[in-house]
Amino acid sequence: MSPARRSRGAAALPWILAAAGRGHRRRASRGAALLLTLVAASGCEGRGHHEDGRPSLVATLGGADTAGYARAVEPRVFRFPEDHGPHPAFRTEWWYVTGNLAGEGGRHVGFQLTFFRYALAPDPPASSSPWATSQAWMAHFAVTDTDRGAFHAFERFARGAQDLAGARASPFRVWLEDWMLEGVGADAAFPMRLSAEEDGVALDLVLGAGKPPVLQGDAGLSRKGAEPGNASYYYSHTRMPTRGTVILGTDTLAVRGTAWMDREWSTSVLSEGQTGWDWFALQLDEGWELMVYALRTGDGSAHALSEGVLVDPDGAKRRLAWGSEVVVEPLDAWTSPTTGVRYPSRWRILVPERNWDLQVTPVLENQELDLAFRYWEGAVRVMSYGEGAPVAGRGYVELTGYGDAPLPER
């Protein structure tokens, strides 16, 4: 590792140590060295860190340090339940679950639980110590309490050793300490139980499979960058019937709703000049889903590999060409009072073949996760905007900050 890479990784240490004193508790301090190692090894160039020293999520998903890892180069055959489990030959992967729930009286709750696996090296550790590992784990847990105007976000870190964190395919389970997503059915995957608790906020949910998995991109190969291998293997469960319990302080809510699970694994995805993304997962009336991602360039415009995916009520998928078959127009922006980062907020989405003219609006403006990686991930409402077919729904949006780049012109 070059001295330059070590110094770039060391720049993350002040923020991580400060986070341990800001309420991230023992998990931030215990994970600090592990995350520092990850960032130092990433070898990212100028976009590697925010101004406060924390690592950049965009940089971590860039194209550096691919030697020795498998690459997503061509379509593959997906096998279930095996592919619900880990893919350690690749550098990164995640299990990403978001959803919208309603309690008694219609009280709305949004949630996110995400498990991230990062390989620190392509080979197993040489040491025989039970603490030795080449895998780092991070998890994010967030709940949006819309009626109370509150957003709760937490993170944990762990080594992939001593059963602190890990994943397996059969019986399916992914966990970081007592946060977990696990199969509770005879087929080892569905239904899944999702559970997490932190500081008086808790989820205990059961998720059905809903529709069959949707293979994103080209039969599951989702190209994000122009270079071969800058892609991920990516599938989604787009409408998972969900029920269970949410605890918000002294309130215990019996809830029902729908969830969306994204599964991706890769070694590198973004190319030079790609500075971030806007990602939409929308569950609409009459059983339709719309997934859209805009890969952003330095001037705020969408990269040519941006695209949309339309899923019909029977689960059939159709890819939508960016700019003609799906159009996204930011209508507003929001600046975080905590971090000063600017994000788009409220969008118009056009899908001509369905005669959809949609407005997508956050249920709360401030759903920013100000954690080891800083991004906006939140629950949104969908309604008709113009004179198109009437349609409504719920969903989730993930955003990286725009920095000084202008919002795309309408």
Subject >> Residues W334, D332; criterion side-chain hydrogen bond (donor to acceptor under 3.5 Å, both in side chains); working and verdict >> reply: CA-CA 7 Å; W334 173 78; D332 205 349; over 6 Å; no

Original post:
Does R76 make a cation-pi contact with Y233, if we ask for NZ or CZ under 6.0 Å from the ring centre and within 45° of the axis?
Top reply: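 Relative to the ring axis of Y233, which defines the angle, R76 lies inside both limits.
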
Original post:
Can the positive tip of R117 be found less than 6.0 Å from the middle of the six-membered ring of W94, inside 45° of the ring normal?
Top reply: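 The answer is no, since R117 fails at least one limit relative to W94.
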
Please confirm whether the ring centroid of [X] lies under 6.0 Å from the ring centroid of [Y].
X: F157; Y: W137; result: no
X: H140; Y: Y96; result: no
X: H84; Y: F190; result: yes

**OP:** In sequence, state the C-alpha distance, the side-chain angles, and the governing distance for E325 and R319, and then conclude on salt bridge (charged side-chain N to carboxylate O under 4.0 Å, His left out).
**Re:** CA-CA 9 Å; E325 296 176 315; R319 299 172 72 179; over 6 Å; no

Within the 3.5 Å criterion, strictly below it, is a donor on [X] or [Y] matched to an acceptor on the partner's side chain?
X: S236; Y: D262; answer: yes
X: Q216; Y: Y293; answer: no
X: E197; Y: S195; answer: no
X: E377; Y: T98; answer: no

So, [X] and [Y], do they make that salt bridge, N to O below 4.0 Å?
X: D314; Y: K211; value: no
X: R348; Y: D357; value: yes
X: R346; Y: E329; value: no
X: R156; Y: D178; value: yes

So, do [X] and [Y] sit near enough that their side-chain heavy atoms are less than 4.5 Å apart?
X: F141; Y: F115; value: no
X: L248; Y: L253; value: yes
X: L364; Y: T144; value: yes
X: Y343; Y: V341; value: yes
X: F111; Y: L101; value: yes
X: T92; Y: F116; value: no
X: D145; Y: F151; value: no
X: I349; Y: V326; value: yes

Where the side chain of [X] meets the backbone of [Y], is there a donor-acceptor pair that is under 3.5 Å apart?
X: W175; Y: D163; answer: yes
X: S222; Y: S232; answer: no
X: Q112; Y: G99; answer: no
X: S134; Y: A119; answer: no
X: R159; Y: Q135; answer: no
X: N100; Y: G110; answer: no

Original post:
Which residue, Y385, F280, W279, forms the ring pair (Phe, Tyr, Trp, His ring centres under 6.0 Å) with W347?
Top reply: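 Single pass found, and it is F280.
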
Original post:
Parallel, tilted or perpendicular for H152 and F154, by the 30°/60° rule?
Top reply: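 Parallel: the ring planes of H152 and F154 meet at under 30°.
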
**OP:** Give the ring-plane orientation class for H87 versus W265, where under 30° counts as parallel, over 60° as perpendicular and anything between as tilted.
**Re:**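 Parallel.
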
Atom [atom1] of [X] with >12 non-hydrogen neighbours under 6.0 angstrom:
X: R243; atom1: CZ; result: no
X: R193; atom1: CZ; result: no
X: E286; atom1: CD; result: no

**OP:** Return the minimal non-hydrogen interatomic distance between T133 and G160, and the atom names on each side.
**Re:**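 Minimum heavy-atom separation between T133 and G160: OG1-O, 3.2 Å.
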
Original post:
Taking all non-hydrogen atoms of both residues, which atom of A379 and which atom of H108 are closest, and how far apart?
Top reply: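 Closest approach of A379 to H108, heavy atoms only: CB-CE1, 3.9 Å.
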
